[in-house]
**Student:** 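This is the structure, below, for whatever I ask next.
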Amino acid sequence: MIVKRPQRRTLVWCVAALPLLLLLYVLVLIPLTPAISDIRKAKLEQPAQVLSSDGKLLAQYQWVHREWVPLAQMGPHVVDALIATEDHRFYQHWGLDWRRTASAALATFSGERQGGSTLTQQLARNLFPEDIGRAPTLTRKLKEAITALKIELLYSKDEILETYLNTVPFLYNAYGIEMAARTYFDTSASQLSVLESATLIGMLKGTSYYNPVLNPERAQMRRNTVLAQMVKRGKLGPEQLEALQKRPLRIEFERQPEPQGTAPHFAQQLRKWLIVWADRNGYNIYADGLVVHTTIDSRLQAWATQAVVRQGQRLQNVADSAWAQRSGWSIRNPLVQSLLRETPEYRSAVAKGQSPDEAIKPLLADAALVRALRQSKTRVQAGFMALEPHTGQVRAWVGSRDFAQDPFDHVQQARRQPGSTFKPFVYGVAFGQGLRASDTLVDRAVEITLPSGEVWRPTDASAPSGRAMSLRDGLAYSKNTITAQLMEQVGPSKVAQLARAMGVRDSKLDAVPALALGTSPVTLKEMVSAYGTIANAGGYVEPVLVTRIEDRRGQVLQVFAPVTPQEVLPAPAAQTLRDALRGVIDQGTGRSIRTRYGIRADVAGKTGTTQDNADGWFILMHPQLVAGAWVGFNDSRITLRSDHWGQGANSALPMVGEFFQQTLRAKAIDVRARFTDVPEQNRFGTLLNRLRGWWQTLVAPALAPAPAPPPRLPTPEPAPAAAPRPEITEPSGVEPVVSPEERQSILRHWLDAGGGLTPSENQR
């Protein structure tokens with residue numbers, strides 16, 4: 001067999017074709033590398049800034065946790081160590097060092113893999129990891145080289161160094177030399193010593209391998225190599241080398257937490273909305289330097305946070321005391337055993353083949369695990385939100401007691417049963433149908449047959465009195481029996497419909513009779529929004545978070561103007577409901593707003609408590625501000641008895657009370673502002689109507705042995721005598737009734753503050 005040898009001409013053509021093919025391949029890759037505009041954008045990227053309504057910085061949205069430092073503010077040893085070790089010909093090449101590349105290629109072919117990338121090539125990888133990649137392929141190296149040449153054409157050497165040192169990743173979520181200096185040496189980039197600079201630059205060869213925290217010996221050896229390179233390149237005197245290399249590695253390690261800002265939960269929720277807005281309008285929230293002006297008031301936010309933290313700690317002390325008792329957190333408690341069966345340790349044991357009984361035994365004996373589980377499960381949580389009722393602008397948002405410990409947002413994410421704070425929707429439907437606050441129902445045992453055949457029997461903390469009670473008092477004293485009868489009269493579907501219209505628009509509401517007592521879980525944001533509708537005389541305004549968005553140059557991109565309220569409840573009905581809710585504050589379950597916090601402003605609100613005090617609620621309305629709080633545990637199975645915890649009036653109300661106390665004291669809202677009835681009546685007519693209501697509810701029953709029931713409601717059981725003042729109760733507890741002396745004192749303070757008589761005040 002004859003083998004033909006290739007002709008010399010063929011070999012020459014092949015050798016000549018290789019560079020041409022490589023050049024053609026490079027030309028094909030150029031469009032696949034980052035464009036010049038992308039490189040400029042990466043260099044100039046700025047995170048979006050979130051500002052409060054009074055101009056305070058609330059948050060920044062960044063890709064990574066870093067702080068940009070100008071090259072002139074970096075320690076001189078940082079740059080010297082970097083150039084001497086990573087790219088000593090940095091100022092002589094244009095992005096590619098052909099000598100180093102050839103040397104690295106020869107070393108690789110001989111079996112010793114060696115890097116040949118310049119600092120500019122490394123920067124290209126750091127800026128565009130997805131476009132260039134890190135695979136050891138020819139395509140990646142060519143993309144890297146092309147991008148490096150583009151960078152060199154655009155920027156000076158100092159700009160490249162500054163960008164490199166501010167974008168290079170270190171471990172522990174530290175990006176850039178400034179965060180690395182803080183993380184490993186508790187100092188700034190400008191104060192880095194020669195040893196500290198050499199240590200950090202040495203890590204760049206392999207951050208994990210030369211991690212000074214976990215591998216101090218390797219890190220010290222690498223540091224000494226960097227020092228030797230600095231001597232070799234004339235950046236360090238030879239006489240210093242030996243002494244410096246003998247110095248120990250001194251690390252002051254501390255992770256640098258990302259700044260939370262003053263409204264971290266609000267910022268997290270806003271980020272989701274802003275990403276959608278930015279995508280729709282062609283912006284990037286992490287790079288385009290957007291300036292977002294929000295509705296948050298920094299003072300109100302600070303007062304809300306302070307109130308949540310203070311009251312939360314008080315309640316935590318109560319919870320710790322209650323659950324530390326033998327009758328509380330004990331391994332004999334079925335709830336504790338159930339919680340242990342939900343732990344990863346239990347699931348892992350069962351997955352390995354152990355029976356449930358075998359898997360639970362060691363966990364019950366693990367005192368440390370049981371204690372840690374108690375601390376986690378019995379940690380008190382809270383949510384707080386305040387908004388302006390006329391504009392819907394959110395002024396304060398506190399999602400938990402501590403964002404670092406619990407980033408879960410209890411304002412918008414958590415859905416909990418609202419308890420008695422849901423009752424105003426029942427009364428709102430009734431007043432919308434023409435019923436009056438002075439109309440009465442008998443406080444009696446109630447039985448309602450459900451479609452399933454079951455019988456619902458709502459009860460109160462105290463036994464039914466059998467006396468007639470006005471709707472105003474039924475709401476003020478949070479009587480379940482009165483509310484249940486009213487619910488039967490107006491119908492669950494209409495109540496659910498009104499609640500959705502007023503602001504409960506995202507949570508599912510079960511249109512059943514028990515809905516009257518707040519059995520369907522909702523969010524705090526929905527409830528505060530709905531109460532804003534009541535304060536706004538029946539006009540719903542969707543909660544607003546942002547007023548305007550600007551670009552980095554201050555040009556306005558979009559303004560979010562106030563919207564016209566949508567009337568969802570007739571104004572007269574809303575005013576009647578609002579006035580009845582004044583009674584909750586003046587003599588009902590929320591009266592400590594007056595007696596404890598001394599708030600004399602025109603306010604109305606409602607407390608709420610669910611079964612076994614698992615949830616405590618309180619929402620307070622002022623003509624200029626509506627605020628609400630929820631208190632409970634993340635796991636709704638964790639509860640406290642009323643003698644330990646108390647009703648919403650004792651758990652959630654103090655947060656709102658302290659907040660309003662601070663707000664009024666600082667004159668952030670006007671103590672003289674009053675709810676305005678629409679349409680306005682003349683003062684004489686208003687006073688006459690209120691006196692008539694006072695006469696009907698207090699004097700008339702005492703003169704008539706058996707008053708005829710109002711025609712608008714189903715015929716109630718006859719009341720042989722006037723109804724005595726009921727105890728102020730909610731489903732889970734009893735509070736003492738305010739004394740006549742306290743009532744007169746409150747009334748005097750109210751009149752001194754410029755307040756007018758209301759039906760509920762006349763009743764006192």
**Student:** Determine the sole option in Arg416, Lys377, Arg379 for which the salt bridge (Lys or Arg N to Asp or Glu O under 4.0 Å) test with Asp635 is passed.
**Tutor:**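 It is Lys377; the other options fail the test.
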**Student:** Quick one, Val541 with Thr391, criterion side chain to side chain contact (heavy atoms under 4.5 Å, CB included). Give me CA distance, side-chain angles, the key distance, then yes/no.
**Tutor:** CA-CA 7 Å; Val541 180; Thr391 64; 5.8 Å; no
**Student:** Consider only side-chain N and O atoms of Arg500 and Gln497, and report whether a donor and an acceptor are under 3.5 Å apart.
**Tutor:**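 No, no side-chain donor-acceptor contact under 3.5 Å.
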**Student:** In terms of the angle between their ring planes, are His410 and Phe408 parallel, tilted or perpendicular, with boundaries placed at 30° and 60°?
**Tutor:**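 Judged by the thresholds at 30° and 60°, the geometry between His410 and Phe408 is perpendicular.
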**Student:** Shortest non-hydrogen contact from Gln624 to Glu388?
**Tutor:**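 Looks like O-CG, 3.7 Å.
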**Student:** Nearest 0.5 Å, what's the NZ-CD1 distance between Lys606 and Ile619?
**Tutor:**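 Taking NZ in Lys606 and CD1 in Ile619, the distance rounds to 10.0 Å.
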**Student:** Examine the side chains of Tyr427 and Thr483 and answer whether a donor and an acceptor come within less than 3.5 Å of each other.
**Tutor:**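 Their side chains do contain a donor-acceptor pair, which is all the 3.5 Å distance test asks for.
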**Student:** For Ala514 and Trp456, work out which heavy atoms get closest and say how close.
**Tutor:**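 Heavy atoms only, the tightest pair is CA-CZ2, 3.6 Å.
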**Student:** Side chains of Gln306 and Phe659: does their closest heavy-atom pair fall under 4.5 Å?
**Tutor:**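 A side-chain contact is absent here, since even the closest heavy-atom pair is not under 4.5 Å.
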**Student:** Under the 3.5 angstrom rule, does the side chain of Arg578 hit a backbone N or O of Ala604 as a donor-acceptor pair?
**Tutor:**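 Judged by distance alone, no pair lies under 3.5 Å.
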**Student:** Donor-acceptor check, side chain of Glu526 to backbone of Asp506, threshold 3.5 angstrom: yes or no?
**Tutor:**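 Yes; judged by distance alone, with no hydrogens or angles, the pair exists.
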**Student:** Start with the C-alpha gap between Trp630 and Val522, add the side-chain angles, then the distance that decides, and say whether side chain to side chain contact (heavy atoms under 4.5 Å, CB included) holds.
**Tutor:** CA-CA 11 Å; Trp630 165 88; Val522 296; over 6 Å; no
**Student:** Distance check, rounded to the nearest 0.5 Å: Thr523 atom OG1 versus Met385 atom CE?
**Tutor:**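 Thr523 atom OG1 to Met385 atom CE measures 8.5 Å (nearest 0.5 Å).
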**Student:** Rounded to the nearest 0.5 Å, what's the gap from CZ on Arg310 to CE on Met655? Could you check?
**Tutor:**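 Here the rounded value is 12.5 Å.
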**Student:** Before giving the answer on side chain to side chain contact (heavy atoms under 4.5 Å, CB included), spell out for Leu486 and Ile482 the whole-Å C-alpha distance, their side-chain angles and the decisive distance to 0.1 Å.
**Tutor:** CA-CA 6 Å; Leu486 199 58; Ile482 300 297; 5.6 Å; no
**Student:** Which pair of heavy atoms, one from His622 and one from Phe675, lies closest together, and at what distance?
**Tutor:**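 Closest heavy-atom pair between His622 and Phe675: C-CZ, 3.5 Å.
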**Student:** Look at the side chain of Gln485 and the backbone N and O of Thr481, then say whether any donor-acceptor pair between them is shorter than 3.5 Å.
**Tutor:**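 Yes; judged by distance alone, with no hydrogens or angles, the pair exists.
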**Student:** Please examine the side chains of Glu658 and Gln311, heavy atoms only from C-beta on, and report whether any two atoms are closer than 4.5 Å.
**Tutor:**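 No - every pair of side-chain heavy atoms lies 4.5 Å or more apart.
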**Student:** So does Tyr597 get a backbone contact from the side chain of Gln661, meaning a donor-acceptor N/O pair under 3.5 Å?
**Tutor:**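 Checked: pair present.
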**Student:** Looking at every non-hydrogen atom in both residues, tell me the closest pair between Phe422 and Gly518 and how far apart they are.
**Tutor:**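 Looks like CB-CA, 3.7 Å.
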**Student:** Hey, are the side chains of Thr519 and Asp510 touching, using non-hydrogen atoms and a 4.5 Å cut-off?
**Tutor:**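 Not touching, per the 4.5 Å side-chain cut-off.
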**Student:** Nearest 0.5 angstrom please: Leu509 CG to Ser493 OG, how far?
**Tutor:**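 Interatomic distance, Leu509 CG to Ser493 OG, rounded to 0.5 Å: 12.0 Å.
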**Student:** Say whether Ser478 and Thr589, considering side chains only, have a donor N or O and an acceptor N or O under 3.5 Å apart.
**Tutor:**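 The criterion, which ignores hydrogens and geometry beyond distance, is not satisfied for Thr589 and Ser478.
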**Student:** Between Gln413 (side chain only) and Asp409 (backbone N and O only), is there a donor and an acceptor less than 3.5 Å apart?
**Tutor:**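 Between the backbone of Asp409 and the side chain of Gln413 there is a qualifying donor-acceptor contact (under 3.5 Å).
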**Student:** With a 4.5 Å cut-off on side-chain heavy atoms, are Phe633 and Val380 touching?
**Tutor:**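 Yes; the side chains approach each other to less than 4.5 Å.
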**Student:** Could you check if a side-chain atom of Leu581 sits within less than 4.5 angstrom of a side-chain atom of Pro424, using non-hydrogen atoms only?
**Tutor:**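 SC-SC contact between Leu581 and Pro424 confirmed.
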**Student:** Which heavy atom in Leu335 sits nearest to a heavy atom in Trp323, and how many Å separate them?
**Tutor:**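 Minimum heavy-atom separation between Leu335 and Trp323: CD2-CH2, 4.3 Å.
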**Student:** Between Val626 and Asn536, is there a side-chain heavy-atom distance shorter than 4.5 Å?
**Tutor:**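 Asn536 does not reach Val626 side chain to side chain.
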**Student:** Decide, yes or no, whether a salt bridge links Asp602 with Arg582 under the criterion of side-chain N to carboxylate O below 4.0 Å.
**Tutor:**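 Salt bridge: yes.
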**Student:** Look at atom CD of Glu542 and say whether more than 12 heavy atoms of other residues, nucleotides or ligands are closer to it than 6.0 Å.
**Tutor:**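 For Glu542, atom CD is not crowded (no more than 12 foreign heavy atoms under 6.0 Å).
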**Student:** To the nearest 0.5 Å, tell me how far Leu315 CG sits from Gln313 CD.
**Tutor:**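 With rounding to 0.5 Å, CG (Leu315) is 9.5 Å from CD (Gln313).
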**Student:** With a 4.5 Å limit on heavy-atom distance, are the side chains of Tyr540 and Ser529 in contact?
**Tutor:**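 When only atoms from C-beta onward are counted, Ser529 and Tyr540 do touch, with a gap below 4.5 Å.
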**Student:** Between Asp586 and Arg594, is the closest basic N to carboxylate O distance under 4.0 Å?
**Tutor:**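 Judged by the 4.0 Å cut-off on N to carboxylate O distance, Arg594 and Asp586 do form a salt bridge.
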**Student:** Taking the side chain from Asn333 and the backbone from Ser330, do they hold a donor-acceptor pair closer than 3.5 Å?
**Tutor:**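 Such a contact is absent between Asn333 side chain and Ser330 backbone.
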**Student:** Could you go step by step and tell me if Val398 and Val411 meet the side chain to side chain contact (heavy atoms under 4.5 Å, CB included) rule?
**Tutor:** CA-CA 7 Å; Val398 184; Val411 173; 5.9 Å; no
**Student:** Checking side-chain polar atoms at under 3.5 Å, does Asp579 have a donor or acceptor matched by the opposite partner on Gln575?
**Tutor:**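 Gln575 and Asp579 do not have a side-chain donor-acceptor pair below 3.5 Å.
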**Student:** Is there a donor-acceptor contact under 3.5 Å from the side chain of Thr576 to the main chain of Pro572?
**Tutor:**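 Yes; at least one donor-acceptor contact below 3.5 Å.
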**Student:** Are any non-hydrogen side-chain atoms of Leu569 and Leu498 less than 4.5 angstrom apart?
**Tutor:**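 In contact.
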**Student:** CG/Leu441 to CG/Asp473 distance, rounded to the nearest 0.5 angstrom?
**Tutor:**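 So the gap between those two atoms works out to 12.0 Å.
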**Student:** So which heavy atom on Ala484 is nearest to which on Pro458, and how close?
**Tutor:**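 Result for this residue pair: CB-CG, 3.5 Å.
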**Student:** Side chain of Ser520, backbone of Leu515: donor and acceptor closer than 3.5 Å?
**Tutor:**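 No, because the side chain of Ser520 does not come within donor-acceptor range (under 3.5 Å) of the backbone of Leu515.
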**Student:** Where the side chain of Asp443 meets the backbone of Arg467, is there a donor-acceptor pair that is under 3.5 Å apart?
**Tutor:**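 No.
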**Student:** Under a 3.5 Å distance rule, please check whether Asp460 uses its side chain to pair with a backbone N or O of Ser462 as donor and acceptor.
**Tutor:**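 Checking the backbone N and O of Ser462 against the side chain of Asp460, no donor-acceptor pair under 3.5 Å is found.
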